[in-house]
Structures are given as C-alpha cells and as structure tokens.
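See below for the structure under consideration.
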Amino acid sequence: MVSLLDIIGPVMVGPSSSHTAGACRIGLFTRGVLGGQPELAKIELHGSFARTGVGHGTDRAIAGGLLGFQPDDERLRESLELAEKMGLKLEFSNVKLRGDYHPNSTRITAHRGGESATVIGSSLGAGRILILDLNGFPVEITGGYPTVVFVAKDEPGVVARVAAIFAQEKDNIATMRVARRGRGGDAIHIYELDEPPSPAAVQAIREMPAARMVRAIDRVA
C-alpha cells in the first residue's frame, strides 16, 4: 500500500525527504536519547549520505536535529553556523558501516555532560526513519511514537513491573521490544506509547533498582 505521504512527502525544508527530513529526525532522536543538546557530536555518513549528503543538506539536517530543529524549520539552512554559536561542536566523516544498512544511514556519537550515546539510524524515504542500533544494542525504533528507552539489569520481573507502572498511570503501550547483549548483563527496553508517558510513570521506572538509564523521547516522525 502506498500512502499519500509516500507520494507528496513530509512538510520540510528541502531538497530531499530522505537526505534532509529523515536525517533531521535521526538527529532529533539522538538529542532525545541524551536528554538535551549535545556539546560534541561525531557524525559518520554511510552510503548515499556519504556520497551526496553534503549537496543535499544532510549535514545541515542532522546538525539541526541535534539542535532541536524540526524538519520544516527554516533554521536548518544555517544550522552549521548556528551550532557553533549554540555550543555544539560537530565532526563529520564518511564511513562504510559494517553490516547490511540502508544507503541513507548515519552513525552519530554524541556527548552531553558526562553522558554519551551512539545511534545508528537510516532514512527510508518520505521522512521515515528507523533506528537500528542504540549504544551497541540492536533496536527497531521508528520515532513515530513517544518512546521510553531504558537500560536495566537483565533479571526476571522487569518487563512485568514496567507494564504494571504504565497500566497504573493509564499509559497505553503500542509496541515493546527488549534486547540484551548476554544473559545476566544489561538489557535495553523500548516502549512506544500512544501518548507521551506520564511524569509519574517515568519517575517510577527510574526508581526501579534494576534501572541504569531512563529516557522519555518525544515523537520525532
């Protein structure tokens, strides 16, 4: 099925929905993982992003997303200059990512305060994105829902406890995914919700003994 969005594309600053709108949303998601604007971001461009991204404004789009600009924000055109003024240092390079990644993909390693995040995301066209790796964990995040991401010790009862917290606060889960590097280590939990999570639910998850990191990320797509 082909939607109207696939035909006419999203509302955005051009010229390309995949090279600009999608790229901006990957930057926005990375900002959300850090909980705010990074101070330093190393941006590695893969495939078509590496070959034609600068001409299509991919570098400016990602920078704008990291600054919190939406895909239709006219400031995207000046985002590289604005980044310097707003305290964001950017480092760009072209790479060939190992693995089977979409040609329009990027790996962003961003730092804020004492925290860091590494995100691999792909721009699929019409402004749609898919986040495939978060801090070394395999994930599948579309950015189309408000999302709660947290890392917790891999132990029994964590999923049930989180589900109970959301149910108590009447936060409805649209999708969920749990991935781990190994048994008994850390696991990453991804909960996509119909509406932004209640502050009480996020705080309750933070207070769980098993929780390592918790982020509530706004819808970006």
Mark yes when over 12 heavy atoms from residues, nucleotides or ligands other than Glu84 sit less than 6.0 Å from its CD; otherwise mark no.
->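 Check fails, neighbour count at 12 or below.
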Would you say the side chain of [Y] lies within less than 4.5 Å of the side chain of [X], judging by non-hydrogen atoms?
{"X": "Ile188", "Y": "Val149", "result": "yes"}
{"X": "Thr58", "Y": "Thr20", "result": "no"}
{"X": "Ile43", "Y": "Thr106", "result": "yes"}
{"X": "Ile205", "Y": "Phe166", "result": "yes"}

Passing candidate, side-chain hydrogen bond (donor to acceptor under 3.5 Å, both in side chains) with Asp73, options Arg75, Arg77, Gln70 |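 By the side-chain hydrogen bond (donor to acceptor under 3.5 Å, both in side chains) criterion, Asp73 pairs with just one of Arg75, Arg77, Gln70: Arg75.
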So which of Leu124, Ile26, Ile120, Val139 actually passes side-chain contact (heavy atoms from CB on, under 4.5 Å) with Leu130?
->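 Considering Leu124, Ile26, Ile120, Val139, a side-chain contact (heavy atoms from CB on, under 4.5 Å) with Leu130 is found only for Leu124.
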side-chain hydrogen bond (donor to acceptor under 3.5 Å, both in side chains) involving Asp194 - partner list, sequence neighbours excluded =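 In terms of side-chain hydrogen bond (donor to acceptor under 3.5 Å, both in side chains), with neighbours along the sequence ignored, Asp194 is linked to Asn172.
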So, Glu192 side chain and Ile173 main chain: donor-acceptor pair closer than 3.5 Å or not?
->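 No; zero donor-acceptor contacts below 3.5 Å.
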Do side-chain atoms of Arg215 reach the backbone of Leu34 as a donor and acceptor pair under 3.5 angstrom?
->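 Yes; judged by distance alone, with no hydrogens or angles, the pair exists.
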Decide whether Leu193 and Val214 are clustered together by the hydrophobic rule: side chain heavy atoms of Ile, Leu, Val, Met, Phe, Trp, Tyr closer than 4.5 Å, transitively.
->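 Yes, one cluster joins them.
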So, Asn135 and Thr118: side-chain donor and acceptor under 3.5 Å apart, yes or no?
->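 No, no side-chain donor-acceptor pair sits under 3.5 Å.
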Does Arg212 count as lying over the ring of Phe150, i.e. NZ or CZ under 6.0 Å from the six-ring centre, within 45 degrees of the axis?
->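 No, Arg212 and Phe150 do not form such a contact.
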